[in-house]
Protein chains: 4
Amino acid sequence: MVVVMKPGTQQQEIQALAHSFEEMGLQVGITNGVGCSILGLVGDTTAVDMDKISINPHVERVMRVQEPYKKANRKFHPEDSVVDVQGVKIGGGHFAVIAGPCSVESAEQVTSIARDVKASGAAMLRGGAFKPRTSPYSFQGMGESGLDLLLEAKAATGLPIVSEIMAPRYAELFEEKVDLVQIGARNMQNFDLLKEVGKLSKPVLLKRGLANTYEEWIMSAEYIMAAGNENVILCERGVRTFETYTRNTLDLSAIPAIRQMSHLPIIVDPSHAAGMYWMVEPLALAATAIGADGLIVEVHNDPAHAKCDGQQSLTPEKFDTLMKKVESLRAWREGQN
Amino acid sequence: MVVVMKPGTQQQEIQALAHSFEEMGLQVGITNGVGCSILGLVGDTTAVDMDKISINPHVERVMRVQEPYKKANRKFHPEDSVVDVQGVKIGGGHFAVIAGPCSVESAEQVTSIARDVKASGAAMLRGGAFKPRTSPYSFQGMGESGLDLLLEAKAATGLPIVSEIMAPRYAELFEEKVDLVQIGARNMQNFDLLKEVGKLSKPVLLKRGLANTYEEWIMSAEYIMAAGNENVILCERGVRTFETYTRNTLDLSAIPAIRQMSHLPIIVDPSHAAGMYWMVEPLALAATAIGADGLIVEVHNDPAHAKCDGQQSLTPEKFDTLMKKVESLRAWREGQN
Amino acid sequence: MVVVMKPGTQQQEIQALAHSFEEMGLQVGITNGVGCSILGLVGDTTAVDMDKISINPHVERVMRVQEPYKKANRKFHPEDSVVDVQGVKIGGGHFAVIAGPCSVESAEQVTSIARDVKASGAAMLRGGAFKPRTSPYSFQGMGESGLDLLLEAKAATGLPIVSEIMAPRYAELFEEKVDLVQIGARNMQNFDLLKEVGKLSKPVLLKRGLANTYEEWIMSAEYIMAAGNENVILCERGVRTFETYTRNTLDLSAIPAIRQMSHLPIIVDPSHAAGMYWMVEPLALAATAIGADGLIVEVHNDPAHAKCDGQQSLTPEKFDTLMKKVESLRAWREGQN
Amino acid sequence: MVVVMKPGTQQQEIQALAHSFEEMGLQVGITNGVGCSILGLVGDTTAVDMDKISINPHVERVMRVQEPYKKANRKFHPEDSVVDVQGVKIGGGHFAVIAGPCSVESAEQVTSIARDVKASGAAMLRGGAFKPRTSPYSFQGMGESGLDLLLEAKAATGLPIVSEIMAPRYAELFEEKVDLVQIGARNMQNFDLLKEVGKLSKPVLLKRGLANTYEEWIMSAEYIMAAGNENVILCERGVRTFETYTRNTLDLSAIPAIRQMSHLPIIVDPSHAAGMYWMVEPLALAATAIGADGLIVEVHNDPAHAKCDGQQSLTPEKFDTLMKKVESLRAWREGQN
């Protein structure tokens, strides 16, 4: 941590502040100069409150130089984490594709799609039972019965199931029925929910918030890990910008960046980023080429009548074509190393 | 709603689509031309799913021309709504200032601040008992006992109390103890929480999300209203941009814009927008001049030792100076009409 | 400046780097600790290239702690600058309103508007002769003859004239004919143009770029000042965000922020920020309340037939009402000090 | 174009407005309904001024449904454009890599790099002679003599040269000496410069502005094309967001989007987007996989002593590794079709 003092601050004040840091167990170095003085603080600064320091009337600015996260930090855990979802591995060289409908609509729909995506090579089945919708007048999902339909599809195909949890009170239900518990973008900083899924034994898929930085995203993973659940997979799904042509702006730089910052696996959701089915394949290929650990793709057997997000869903045929290209590109990538 | 057809679409396809809209009870007008055809749809389109229409392979684009909100819409409720919080009115010409510490820390702290802000003219007391913090290692608030300290301060001063609810399971607790239930920016699209506070008898203070549009914000108010609670106050607190000097970019255009779109009252939080105590007063004056229905301001008797947000808190003395200016400016404004 | 070394860097490397900074005339302080070391650099760092330092394979991060601007910096020039435009003063307590049409269309139009805005209290006349338009098929302005019509209006009213320069080759023309030379938002980082207006004797009105930070904006002023012209007025006109209801998001926090960072005067353009005439008055009042040194407002005698920006132009009548309020609010503000 | 009338507008007013559009040669269709009426306008609306229509007091909103660009529009030019730069083709299946230093520093430096990048497979040489720098105190480039050094490197290697033009007055110089004239991000809406390069016989590389939409970008290409120069190559280089880890957020969705909207070739600049050399390779691979028509990459033989952007430059060795992967990935892509 670095503390910059205001011009003209007395040595006495600087020494007093330095002393208060030393009492917190930090090493302190002071650089004095005309115009300003700088304090360098080294040690475990995760619990130091920057805001409190900046209240000091002699302090001009406080800057963090070490990451505020520990458990998710690659510096303290240099090897890639591998998350195991009922035998399907993600991370550390393991790549997996999750596919399925935006929302669960019927047993037939979801089992049919599950069979199709499995045949094309998907390793897990996604499907929304509880749906976050901007409008209270839109379809809100089938709820618990939607989870049961996913379990039927799992029984028929063996695919582990992925579904979004929207409130802490469903924790037990998801612990029982879901294999990979998804936190949606709008709940990335729903801290009560993060703490709750931190207590589950099931792994968590944490989507990036619409306007959250890499650091805030990792801090939300840290919430889950600090509560006891270290099986977190990150998912980049696009951020909000001034561009309106796409639903969101997919930020693929997140893949190499997160790889540098953290040991957690990271996958990409090209469907929500694009918002248009014809853009899913090119984005999925780019995500694969840049080194994502997997993809999550919306597939619907009848997009024109889907209860949500039909315009960004692939048909099983288009998904099959996509999977062939993705697998071939994965093989190319492995040939490069 | 407007549907733009792709160039070269056959009349037959256009007629079929038009017919399907008429069956939904909408009036449909068709403009044919070289290059493209346009369908204009008039009627109650709130429940029409734009995404589904855009799946049609002949459709190039779908655009909404009417607002997707009803209960919050000024068109259907031309007069300003006035929200009453234990006798304190906000909206429709009534202006009120909410003040208090970021977080409740002790009985003495909160009661002392409550007395000070009341003496300066504040009409309600704010104080965080459950705190949303980016880091799991930061102080998370006193929880329920914090609410009890607020109630002590209320007993001592008569000020209604405002506090943030972070999860649906606290609904009963807040219904019992809190006078104005706050939804924080990070929970603006926590739809389960919105539905839950929609069932309370207590009014709700809904902060704007960090990267949410006016329309999305009003749609979140619509969630609360659709669940039965029409006493919603909106609160602008700054949005996220590329600028890093300020904590957030306060968007004061929201005041006249929301006034045009909705009948709900709107107040401004200059403390969170600025993130620096010395910027609170100028932003509060600008908010008052532009016509906000109130302010919510962080005040702490000892900012240097506050458990959170000390750097953006005013001392009681500075708050008193601010209130004198705000009241004088309100008087000026009223003299203009 | 602060240089953070990577974990595990040898003391020898750290000393070598420190030595290289000392050779540049800087004071260097080193804080060593487990995990990382920090170098604090104090002295004149404006010319130090952060990018070059960050190339060093042992360096993790470089952070600037002092401002990269000198001439525009309030630290080295604590009193407000006052810019004089043909006798009209802006800054240091002097407030002035600039008004006029988006584009000059005819002698009659511009002289008529000039008379009207002068009668209402405007101190300068604005009018576009060279127009930056997104489309090559839109009206591009009257060019030099537009400047001559502005001069006719000046002769008739005595109002100094303000107009936008779009390319370095017009520098001589503007030096001769225009009293306050405007740099538009899209040219804020047109460095050749900045250098050119830096050679003029006429003062410059520098609009903030659509996506530029306060620091970049001041650096553009620094370009003009470094070239010899210290008469720069800054103008906040809204930035680009995800919000689409308004044309731009007016960032009024810029007023107190710039006041802290720089001694240059700053005015506000509510017309371009809002993009809608009915929002101009509330934004203008907020800008006045927060302490702007002036306003620039679009006024047209026949907005429905204006060649550009009609939808955000006030009629002379509405401008007159606005001016009465602005003057009354200025009087209120002065009564507060 | 679609015009939405305010609720309660009289039929007479609607008819009058419709009539005025018919006089402009447009077909007009009217949809009347309770609450609002919609006018659909079909025909050549590129020259219709939306702003003027929205001034009409009965009009609630005006929305464009057809693109405002013609020459760059894929609808009127379905085949890909191929741009030829001294025999090097880009677009329509032709892929080319441009490489070289951020700025030209000496004959030796630029010729040595040119030889290296040619050996690795680059098809053109980039090098900045005139440099846009945020600070007036940073190195501003060698100017004209820098172009001469590029010509020496061209003579030695045969590589066509690419360099950035910063002001209209250099047009003749660039016409004579440069093979592909670059417009930088900060000048994307420097309309005088766009018009000037529109008169050159040399092709133009148009970078996307930091906060510009796809449509605005294509409109800037339209400026160049409307002035007579149809050889425009677009270049995505990242946009400005709230994320500060990367220098800019690379928006790879631009590749499929622009492909849909326009027939112009589009390449990617991973160096400026990332701002960190270690992120260049992953971004370059993603760009290649998604179907960019080429890359522009910063390469320096001594990044630690580069006069600018050293931290994002590849060494010739790293560039060679990158090229091998890019070529192999291109071969993979071609095998997919």
Side-chain angles (χ1 to χ4, degrees), chain A residues 1-9 14 18 21-22 24-46 54 59-67 70 73-76 78 209-211 215 238-249 260-261, chain C residues 1-9 14 18 21-22 24-46 54 59-67 70 73-76 78 209-211 215 238-249 260-261:
Chain A
M1 195 164 282
V2 168
V3 179
V4 185
M5 307 305 293
K6 283 194 184 145
T9 304
I14 297 175
F21 292 128
E22 282 162 356
M24 295 164 76
L26 303 171
Q27 288 97 310
V28 184
I30 303 176
T31 314
N32 284 312
V34 182
C36 89
S37 294
I38 296 173
L39 274 65
L41 313 186
V42 177
D44 181 3
T45 58
T46 34
S54 64
V59 167
E60 178 152 319
R61 232 187 328 169
V62 186
M63 293 180 293
R64 198 176 271 288
V65 302
Q66 283 164 304
E67 300 82 7
K70 285 188 274 199
N73 197 332
R74 187 175 284 273
K75 278 194 190 141
F76 309 127
L210 272 82
E215 188 176 293
V239 291
R240 188 157 270 193
T241 66
F242 55 85
E243 179 61 68
T244 55
Y245 187 90
T246 43
R247 186 162 165 170
N248 293 109
T249 298
Q260 187 85 1
M261 301 164 85
Chain C
M1 195 164 281
V2 168
V3 179
V4 184
M5 306 305 294
K6 284 195 183 146
T9 304
I14 296 174
F21 293 128
E22 283 162 355
M24 294 164 79
L26 303 172
Q27 288 97 308
V28 184
I30 303 177
T31 313
N32 284 314
V34 181
C36 89
S37 295
I38 297 173
L39 274 65
L41 313 186
V42 177
D44 180 4
T45 58
T46 36
S54 65
V59 168
E60 177 152 320
R61 225 173 352 156
V62 187
M63 294 180 292
R64 197 176 273 288
V65 302
Q66 285 165 302
E67 300 81 8
K70 287 187 274 196
N73 197 331
R74 188 175 282 272
K75 277 194 191 141
F76 310 129
L210 272 82
E215 188 175 294
V239 292
R240 187 158 271 193
T241 67
F242 55 85
E243 179 60 68
T244 55
Y245 187 91
T246 43
R247 186 161 167 172
N248 293 108
T249 297
Q260 188 85 359
M261 302 165 85

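Reckoned from all heavy atoms, side chains included, excluding hydrogens, waters and symmetry mates. Proteins come first, then strands; the chains are lettered A, B, ... in the order of their sequence lines, and each starts at number 1.
- Heavy atoms of A:V2 lying under 4.5 Å from chain C belong exclusively to its side chain.
- Scanning both residues, A:M63 and C:V65, for their nearest heavy atoms gives CE-CG1, 3.1 Å.
- Proximity to chain A at a heavy-atom threshold of 4.5 Å picks out C:F242, C:T244 from residues 242-249 of chain C, in numerical order.
- Taking CD1 of C:I38 as the reference point, atom CD of A:Q66 lies at 6.5 Å (rounded to 0.5 Å).
- With sequence neighbours left out, A:R74 forms a salt bridge (Lys or Arg N to Asp or Glu O under 4.0 Å) with A:D80.
- Remark: A:R240 pairs with B:E216 by the salt bridge (Lys or Arg N to Asp or Glu O under 4.0 Å) rule, at least two apart or across chains.
- Checked against side-chain hydrogen bond (donor to acceptor under 3.5 Å, both in side chains), A:E60 has the following partners two or more places apart in sequence or in another chain: C:K75.
- For A:L41, the part lying under 4.5 angstrom from a heavy atom of chain C is the backbone only.
- Nearest heavy atoms, C:Q27 versus A:T31: O-CG2, 4.0 Å.
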